[in-house]
Amino acid sequence: MRRRPGIGGLQNAAAARDQYRLLGENVAKLRTDVLKEQLSTFRSQLEDFARKHKNDIRKNPAFRAQFHEMCAKVGVDPLASNKGFWAELLGIGDFYYELGVQIVDICLATRPHNGGLISLEDLCKLLGQRRKGAREAVSEDDCLRAISKLKVLGNGFEVISVGKKKLVRSVPTELNKDHNEILELAQGQGFVTVDEVQKRFSWSSGRATDALETLLEEGLAMIDDGHRDGRRRYWFPCVSSVSSYAGDTL
């Protein structure tokens with residue numbers, strides 16, 4: 001028969017638990033202090049790195065993207081404000097704010113052609129044409145960071161993925177699964193027909209037509225009825241070539 005521990009044994013066990021708890025708290029605090037010290041060191045080294053390579057950060061998009069990754073790892077956001085150390089040292093806050101304004105201009109200018117949905121690739125091309133002669137080259141990563149700052153304007157500016165493409169939306173249009181699948185299908189040749197949509201997704205004629213007409217009403221599609229086969233083409237500028245509206249934009 002097992003004997004129950006006496007009062008003294010219970011007290012000793014409780015005291016041991018308290019010691020283990022205190023030891024655990026001290027170890028956790030020590031680790032936290034060490035991590036804080038390491039983080040402070042990393043941030044200091046990051047500032048030194050930024051001072052040394054500020055010209056590369058400003059002029060080289062790939063180098064700039066890597067710099068942002070380094071900042072994220074130590075909890076630094078150089079774009080959090082256009083004032084302070086990072087703005088004074090690098091001026092990248094002002095760079096992204098300027099980029100954001102130019103992105104808004106391009107999205108507004110191309111909206112009559114694409115309904116407020118433009119591929120990230122085309123947006124970057126148009127941005128590059130507009131910024132000819134600028135000191136800083138612009139990458140897709142730069143565009144994405146600038147667009148992320150446009151969220152303060154409310155609903156309407158965001159990046160969505162459709163198939164292999166990233167599309168920039170500048171109007172608060174809600175796209176459902178049917179719409180996304182049609183846009184992905186249109187990436188092949190820039191347009192779709194009702195028959196193609198039916199065949200590809202095994203939809204009824206009504207479902208295919210309803211989804212396409214909704215995209216047409218939202219300004220995301222254009223129709224082309226000038227073909228001998230009599231089949232209406234629904235063209236989608238957001239997944240077509242940028243050349244069709246580049247001249248009007250710039």
Side-chain angles (χ1 to χ4, degrees), residues 99-131 138 140 143-144 146-201 203-227 229-250:
L99 216 57
V101 171
Q102 293 171 340
I103 287 173
V104 171
D105 286 343
I106 291 173
C107 287
L108 291 176
T110 59
R111 189 174 293 174
H113 302 276
N114 57 35
L117 200 61
I118 182 173
S119 73
L120 178 63
E121 180 184 359
D122 285 350
L123 176 61
C124 289
K125 286 180 181 177
L126 292 173
L127 199 56
Q129 292 175 28
R130 173 168 291 200
R131 293 176 59 84
V138 175
E140 288 192 1
C143 288
L144 289 172
I147 291 169
S148 71
K149 298 305 170 184
L150 295 176
K151 289 183 178 179
V152 298
L153 300 178
N155 293 333
F157 277 93
E158 67 171 335
V159 179
I160 60 176
S161 295
V162 177
K164 296 180 180 180
K165 277 185 175 287
K166 284 186 171 63
L167 304 178
V168 180
R169 188 177 71 177
S170 59
V171 291
T173 301
E174 291 297 330
L175 301 178
N176 62 30
K177 186 173 182 290
D178 285 1
H179 302 148
N180 285 337
E181 288 184 340
I182 289 174
L183 288 170
E184 185 173 356
L185 177 60
Q187 291 178 20
Q189 52 191 356
F191 70 87
V192 297
T193 66
V194 173
D195 291 342
E196 288 171 344
V197 173
Q198 284 183 257
K199 183 178 180 180
R200 175 66 177 272
F201 304 121
W203 293 354
S204 66
S205 174
R207 180 178 178 181
T209 301
D210 181 67
L212 287 166
E213 289 299 315
T214 298
L215 291 168
L216 183 64
E217 291 171 4
E218 293 291 342
L220 300 178
M222 297 186 297
I223 55 175
D224 178 9
D225 291 327
H227 293 267
D229 59 14
R231 293 191 303 170
R232 168 171 287 184
R233 268 81 165 160
Y234 291 82
W235 284 88
F236 294 91
C238 59
V239 295
S240 301
S241 173
V242 71
S243 61
S244 60
Y245 49 81
D248 297 332
T249 306
L250 301 173

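Residue numbers start at 1 and run along the sequence shown.
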Margin query: Do Val162 and Leu175 have side chains that approach each other closer than 4.5 Å (heavy atoms only, starting at C-beta)?
Written below: no
Notebook entry, point to check: Under 3.5 Å, is there a donor-acceptor pair between the Arg131 and Gln102 side chains?
Noted result: yes
Next item on the list: For Gln189, enumerate each residue passing the side-chain contact (heavy atoms from CB on, under 4.5 Å) test, keeping only those at least two apart in sequence or located in another chain.
Entry: Phe191, Glu196
Item checked: Closest heavy-atom pair and its distance - Arg231, Arg233 -> O-NH1, 3.2 Å
Next item on the list: Verify side chain to side chain contact (heavy atoms under 4.5 Å, CB included) between Thr214 and Asp178, making sure each step is shown before the conclusion.
Entry: CA-CA 11 Å; Thr214 298; Asp178 285 1; over 6 Å; no
Checklist line | Rounded distance [0.5 Å steps], CG in Leu216 versus CD1 in Ile223 | finding: 5.5 Å
Checklist line | Worked verdict on Asp224 versus Arg232 for side chain to side chain contact (heavy atoms under 4.5 Å, CB included) | finding: CA-CA 6 Å; Asp224 178 9; Arg232 168 171 287 184; over 6 Å; no
Note to self: Quick check: closest heavy atoms across Pro237 and His113, and the distance to 0.1 Å?
What the structure shows: CG-O, 2.8 Å
Check: When rounded to the nearest 0.5 angstrom, what distance separates CG in Leu215 from CD in Glu218?
Finding: 8.0 Å
Notebook entry, point to check: Looking only at heavy atoms, what is the nearest atom pair of Val171 and Gly115, with distance?
Noted result: CG2-O, 3.5 Å
Item checked: Inter-residue atom distance Ile103.CD1 - Ser170.OG, 0.5 Å rounding -> 11.0 Å
Notebook entry, point to check: At their closest point, which heavy atom of Gly116 faces which heavy atom of Arg111, and how far apart are they?
Noted result: N-CG, 3.6 Å
Check: About how many Å separate CD of Gln187 and OG of Ser119, when rounded to the nearest 0.5 Å?
Finding: 9.0 Å
Notebook entry, point to check: What is the minimum heavy-atom distance between Phe157 and Val104, and which atoms define it?
Noted result: CZ-CG2, 3.8 Å
Check: At what distance, to the nearest 0.5 angstrom, does CG of Asn180 lie from CG of Leu167?
Finding: 8.5 Å
Margin query: If I compare all heavy atoms of Ala208 with all of Gln198, which pair ends up nearest, and what's the gap?
Written below: CB-CG, 4.1 Å
Check: When Phe236 is tested against each of Leu185, Asn114, Leu183 for side-chain contact (heavy atoms from CB on, under 4.5 Å), which residue passes?
Finding: Leu183
Check: Looking at CZ of Arg169 and CG of Leu117, how far apart are the two atoms once the value is rounded to the nearest 0.5 Å?
Finding: 8.0 Å
Next item on the list: For Lys165, look at atom NZ and say whether over 12 heavy atoms of other residues, nucleotides or ligands are found less than 6.0 Å away.
Entry: yes
Checklist line | Pair Leu120-Cys143, side chain to side chain contact (heavy atoms under 4.5 Å, CB included): steps then yes or no | finding: CA-CA 8 Å; Leu120 178 63; Cys143 288; 3.9 Å; yes
Check: Run the side chain to side chain contact (heavy atoms under 4.5 Å, CB included) check on Thr110 and Asp122 step by step: do they pass?
Finding: CA-CA 11 Å; Thr110 59; Asp122 285 350; over 6 Å; no
